[in-house]
Amino acid sequence: MASSNRIFTQFLPSFKFLKHNQVPLHGISNVKLLSLPSLRIRPGPMRLRVSCAAKPETVDKVCSIVRKQLALPEDSSVTGESKFAALGADSLDTVEIVMGLEEEFGISVEEESAQSIVTVQDAADLIEKLVEKKDA
């Protein structure tokens, strides 16, 4: 077993000398290392997150519903990146927003899914996924 581990590690590049924000580049002749100051590598399990952006119409409709449920002025800035908490929504407001979305789009949002909604974009992505599933 020890010999197979040794053989395996011979084919892997050594990253011991790298700083936390450096990435090795292969296939570029004059660049060996790229430093990325904004890159943060966190230890722990890797997660794959697949995200698909909802249609702009869906995001706009969700923004409108959020404005209405939170009684925000029509000219208030609500975008896909807006977090419900930053807009002043508490947990009850979030439940009411989800209920408004269910009614508007004719869908049913499971509790686990509702708890994962943090931003307007999260809500719009979930809506499109549920509408697609409903229509299939």
If I take atom [atom1] from residue [X] and atom [atom2] from residue [Y], how far apart are they, to the nearest 0.5 angstrom?
{"X": "C63", "Y": "K68", "atom1": "SG", "atom2": "NZ", "answer": "15.0 Å"}
{"X": "L130", "Y": "D125", "atom1": "CG", "atom2": "CG", "answer": "11.0 Å"}
{"X": "E57", "Y": "E128", "atom1": "CD", "atom2": "CD", "answer": "8.0 Å"}
{"X": "Q121", "Y": "T58", "atom1": "CD", "atom2": "OG1", "answer": "9.5 Å"}

Just so I know, are the side chains of [X] and [Y] near enough to count as touching, which here means a heavy-atom distance under 4.5 Å?
{"X": "Q69", "Y": "D93", "answer": "no"}
{"X": "I97", "Y": "L70", "answer": "yes"}
{"X": "I117", "Y": "T94", "answer": "no"}
{"X": "D90", "Y": "F84", "answer": "no"}
{"X": "V120", "Y": "T79", "answer": "no"}

Quiz item: Knowing that exactly one of V98, L101, I127 qualifies, which makes a side chain to side chain contact (heavy atoms under 4.5 Å, CB included) with V109?
Solution: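 When V98, L101, I127 are each tested with V109, the side chain to side chain contact (heavy atoms under 4.5 Å, CB included) holds only for V98.
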Shortest non-hydrogen contact from [X] toward [Y]:
{"X": "S82", "Y": "S77", "value": "OG-O, 4.0 Å"}
{"X": "A123", "Y": "V62", "value": "CB-CG1, 4.0 Å"}
{"X": "L87", "Y": "L72", "value": "O-CD2, 4.2 Å"}

Quiz item: Tell me, which pairs form a side-chain hydrogen bond (donor to acceptor under 3.5 Å, both in side chains) where one or both residues lie in residues 108-120, sequence neighbours left out?
Solution: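 Every side-chain hydrogen bond (donor to acceptor under 3.5 Å, both in side chains) pair that includes a residue of residues 108-120, provided the two are not neighbours, is E111-Q115, T119-D122.
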Self-check item: Over-ring placement of K134 relative to F105, 6.0 Å and 45° cut-offs
Solution: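 No.
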